[in-house]
Amino acid sequence: MGTVYAIANQKGGVGKTTTAVNLAACIAEAGYDALLIDMDAQANATVGLGIPKDAAPSVYDVLSGDATMDEAIRPTGIEHLSLVPASPDLAGASVELPRIEASEGRLRDALVTVRERYAFTILDCPPSLGPLTVNALVAADRVIVPVQAEYFALEGLAGLLDTLGLIQRELNPRLTIAGMLLTMHDSRTRLAQDVEREVREHFPTLVFDTVIPRNIRVGEAPSFGRPVIHHDPHCAGSDAYFELAKEVAARG
Ligand code: ADP
Ligand code: MG
């Protein structure tokens, strides 16, 4: 039985895409079949895996009923890692989806026939709590919330947890929080240490032990179209994402 993870936080720039790509790559490297679905019109996960952002069919075509999930799944050149690309059309899906009845279940329904083939399906959400993120949260079993280790880290988390609770009650009772993940942590700064302590105090059971350091290799890997573990397998960022993959698998 495969597990579907949504990587969500309505804030932009907190490390969602970086976590989605690199977690998927670590899972694939461990020999499990992983499927990454890029739900963001910016297509950063798609491009970060070296696939052009006008690739078709995309997840937009799946959500609008013009393609099946099977048709949209493509290989990435990395063994065990498949991708459903995003396309710029997704920006319009935020307007179109709410007009369709019961549209919040579209991604879940499209995944039914394929999710068993993948031990892990990872959904990279856009920076909003709009219809695309709702589709991802309805399709997901677990959510991972990246939290940037910066001032204002906690801002918006209460709203996000409220939304998760609402989706659990109304749309997807299976949904649980896998964990919050501190990202771009700079252990040399007092600020990052303070933010980490504060987030752990607020959410004692929710925060992953693994912390993702701010690391140049992690930041530059997408410009080479590859995950950091293929860009520099021995850097601190690669080590951290391998640790995270183990922790995610252990939490089940
Ligand atoms: P989101 O998907 O939440 O908008 P991204 O994953 O795209 O956030 O990250 C925002 C920016 O920060 C990107 O340029 C990314 O390369 C960079 N970044 C993310 N994580 C790290 C890290 N651990 N170290 C250095 N740069 C990072
Ligand atoms: Mg992103």
Side-chain angles (χ1 to χ4, degrees), residues 5-26 36-51 53 58-60 83-88 90-91 93-94 122-130 132-133 135-137 140 143-157 159-160 179-189 191-193 195-196 199 207-208 210-245 247:
Y5 289 84
I7 316 294
N9 186 333
Q10 73 275 28
K11 272 198 201 181
V14 299
K16 287 181 295 296
T17 298
T18 304
T19 296
V21 167
N22 290 303
L23 179 60
C26 288
L36 176 61
I37 304 184
D38 187 350
M39 301 289 291
D40 187 356
Q42 294 182 67
N44 292 343
T46 300
V47 174
L49 284 174
I51 290 164
K53 66 168 102 181
S58 72
V59 72
Y60 174 81
L83 173 78
V84 176
S87 66
L90 272 178
S94 303
I122 295 183
L123 313 174
D124 182 27
C125 293
S128 82
L129 293 175
L132 290 166
T133 297
N135 251 269
L137 294 173
V143 54
I144 294 174
V145 181
V147 176
Q148 189 179 0
E150 284 291 346
Y151 197 58
F152 295 135
L154 286 168
E155 192 174 283
L157 284 182
L160 177 58
M180 294 181 178
L181 174 68
L182 286 157
T183 62
M184 292 177 251
H185 186 275
D186 187 343
S187 56
R188 293 165 306 180
T189 69
L191 176 63
Q193 292 166 22
V195 169
E196 179 174 3
V199 174
V207 186
F208 285 109
T210 306
V211 171
I212 308 299
R214 185 176 282 285
N215 180 266
I216 287 173
R217 297 304 208 184
V218 171
E220 71 189 13
S223 67
F224 294 89
R226 57 194 182 220
V228 70
I229 60 163
H230 297 277
H231 178 55
D232 184 350
H234 302 295
C235 71
S238 293
D239 290 347
Y241 275 111
F242 274 126
E243 279 306 309
L244 176 68
E247 206 182 341

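Read the numbers this way: they start at 1 and go in the same order the structure lists the ligands and their atoms. Both backbone and side-chain heavy atoms feed into the values below; hydrogens, waters and symmetry mates do not.
Contacts of ligand 1 (protein heavy-atom distance under 4.0 Å) are Gly12, Gly13, Val14, Gly15, Lys16, Thr17, Thr18, Met184, Ile212, Pro213, Arg214, Asn215, Val218, Gly219.
Using a 4.5 Å heavy-atom threshold, the side chains of Thr18 and Thr183 count as separate. A 4.5 Å side-chain heavy-atom check between Ile212 and Asn22 finds every atom pair outside the cut-off. With a 4.5 Å cut-off on side-chain heavy atoms, Leu132 and Ser94 count as touching. Contact check for Val195 versus Glu150: no side-chain heavy atoms found under the 4.5 Å cut-off. Using a 4.5 Å heavy-atom threshold, the side chains of Cys235 and Val228 count as touching.
When atom types are taken as modelled, the side chain of Ser238 and the backbone of Asp232 share a donor-acceptor pair closer than 3.5 angstrom. Panel note: side chain Asn9, backbone Pro146; a donor-acceptor pair is recorded below 3.5 Å. With Gln148 contributing its side chain and Ala153 its backbone, the two residues share no donor-acceptor pair below 3.5 Å.
More than 12 heavy atoms of other residues, nucleotides or ligands shown are found within 6.0 angstrom of CG on Leu154.
Of all protein N, O or S atoms, those under 2.8 Å from the Mg ion (ligand 2) number 1.
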